[in-house]
Amino acid sequence: MKEIPITNIENIRIGNAQDSEGATGCTVLLCEKGAPAGLDVRGGGPASRESELLKPVAACEAIHAVLLSGGSAFGLHAAGGVMQYLEEKEIGFDTGFARVPLVCASCLYDLGVGSPSARPTPEMAYQACLDAEKNQPAFGNAGAGTGASVGKLLGMEYAMKSGLGAYAVEVGPLQVGALVAVNALGDIFSPEGRRIAGLLNPNKDGMRGSLESMYTMLERPANLFAGNTTLGVILTNAKLTKTPLNKVAAMAHNGYARAICPVHTSADGDSIYALSMGDVPANLDVVGTLAAEVMARAIENAVLSAESAYGLPSAMSIANN
């Protein structure tokens with residue numbers, strides 16, 4: 001198994017746009033030739049668009065883009081910019097009267113960071129599409145990871161900065177990669193089990209365990225779970241149709257469970273898309289197992305790529321104290 005840049009996976013282009021001052025942004029994945037896709041949602045509070053298309057019983061066999069954004073449900077409006085970009089290129093499902101781009105979107109909650117009135121717009125998403133033409137995406141404080149944070153059990157005062165990350169591998173001809181915007185309630189762990197980001201201690205010079213703290217709050221009435229959602233996408237050149245891709249997306253959530261604790265809370269919208277970009281024959285369980293591995297690594301990359309911002313320390317700044 002060899003690590004590769006996620007941009008080595010063909011037929012997909014990735015781009016970002018962001019409002020660094022307002023602390024929000026969006027990340028687009030363009031599959032202009034169309035790609036079979038699946039989706040698995042484990043959080044209790046998702047903000048999503050066109051997710052019904054990805055159910056096995058729906059007629060849709062391929063989509064043309066996935067948009068990940070900040071802004072909570074306000075960010076769903078940004079998908080119109082992706083549709084405009086694709087329509088201008090005459091890309092979409094041919095209805096006989098017009099080509100309709102099929103754009104799926106999911107949003108994370110970043111309104112508690114930066115300005116709550118700063119939201120991704122169609123214009124921002126259009127700029128992300130233009131950035132995707134270069135296919136050289138930035139990570140860390142970029143795109144959908146611009147306003148991302150983790151360790152929010154006790155509110156933003158004790159949270160840490162997170163961001164956008166990616167990781168991909170190649171096993172023979174098979175390629176599997178993950179892109180993720182990490183905006184979790186819980187702590188973040190490396191695949192080796194080391195806590196690398198999360199709930200700050202009272203002195204804010206290190207971390208305490210979110211899980212242990214949660215267990216002391218059984219009767220606390222306040223809603224401590226708002227303001228989260230981790231959004232991921234699995235990309236593979238394996239030849240898979242929509243139904244098995246839904247299984248790949250489900251298996252990739254094992255990567256969330258390895259890297260985030262607690263995860264999939266009632267007000268998270270934790271979601272993972274899976275897209276097939278090629279025609280390499282591959283065993284479904286092999287692809288799904290690799291998907292979980294690269295997702296856990298991508299989460300680590302998102303946290304370690306982030307820089308301190310908006311009053312939130314990064315994992316690297318805490319490690320260097």
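Residue numbers count from 1 along this sequence. Predicted model only: the values in this text are computed from it and were never measured.
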Handout entry: All pairs passing ring pair (Phe, Tyr, Trp, His ring centres under 6.0 Å) where residues 127-173 contributes a residue, at least two apart
Key = none
Practice task
Output yes when Glu88 and Arg99 qualify as a salt bridge under the 4.0 Å nitrogen-oxygen rule, no when they do not.
Solution key: no
Atom pairs and distances, donor-acceptor, side-chain atoms in residues 35-44, under 3.5 Å, two or more places apart:
| from | atom 1 | to | atom 2 | distance (Å) |
| --- | --- | --- | --- | --- |
| Asp40 | OD1 | Arg42 | NE | 2.5 |
| Asp40 | OD1 | Arg42 | NH2 | 3.4 |
| Asp40 | OD1 | His253 | NE2 | 3.4 |
| Arg42 | NH2 | Ala250 | O | 3.4 |

Practice task
Report yes or no: do Ile91 and Val28 belong to one cluster of Ile/Leu/Val/Met/Phe/Trp/Tyr joined by side chain heavy-atom distances under 4.5 Å?
Solution key: yes
Exercise for the section: Find out whether Arg119 and Ser69 are in side-chain contact, i.e. whether some heavy atom of one side chain is under 4.5 Å from a heavy atom of the other. Expected result: no
Practice task
Answer with yes or no whether the side chains of Thr243 and Thr241 bring together a donor and an acceptor at under 3.5 Å.
Solution key: no
Exercise for the section: Check whether any side-chain N or O of Tyr273 sits under 3.5 Å from a backbone N or O of Ala105 as a donor-acceptor pair, and report yes or no. Expected result: yes
Exercise for the section: Please check if any side-chain donor atom of Asn246 sits under 3.5 Å from a side-chain acceptor atom of Lys55, or the reverse. Expected result: no
Exercise for the section: With sequence neighbours excluded, tell me which residues meet ring pair (Phe, Tyr, Trp, His ring centres under 6.0 Å) with Tyr126. Expected result: Tyr85
Handout entry: 4.5 Å side-chain heavy-atom contact, Ser149 and Met156
Key = yes
Handout entry: Inter- and intrachain pairs under salt bridge (charged side-chain N to carboxylate O under 4.0 Å, His left out), touching residues 120-147, at least two apart
Key = Asp131-Lys134
Problem - Sub-4.5 Å side-chain heavy-atom contact between Lys204 and Glu157 - result: yes
Exercise for the section: Would you tell me whether Asn135 and Thr7 have side-chain atoms, one donor and one acceptor, within less than 3.5 Å of each other? Expected result: no
Problem - Contact list for residues 25-81, test ring pair (Phe, Tyr, Trp, His ring centres under 6.0 Å), sequence neighbours left out - result: none
Problem - Residues that Glu3 engages under salt bridge (Lys or Arg N to Asp or Glu O under 4.0 Å), provided they are two or more places apart - result: none
Exercise for the section: Please answer whether the main-chain N or O of Ala302 pairs with a side-chain N or O of Ser305 as donor and acceptor at a distance below 3.5 Å. Expected result: no
Handout entry: CE on Met251 to CG on Leu290, rounded to 0.5 Å
Key = 9.5 Å
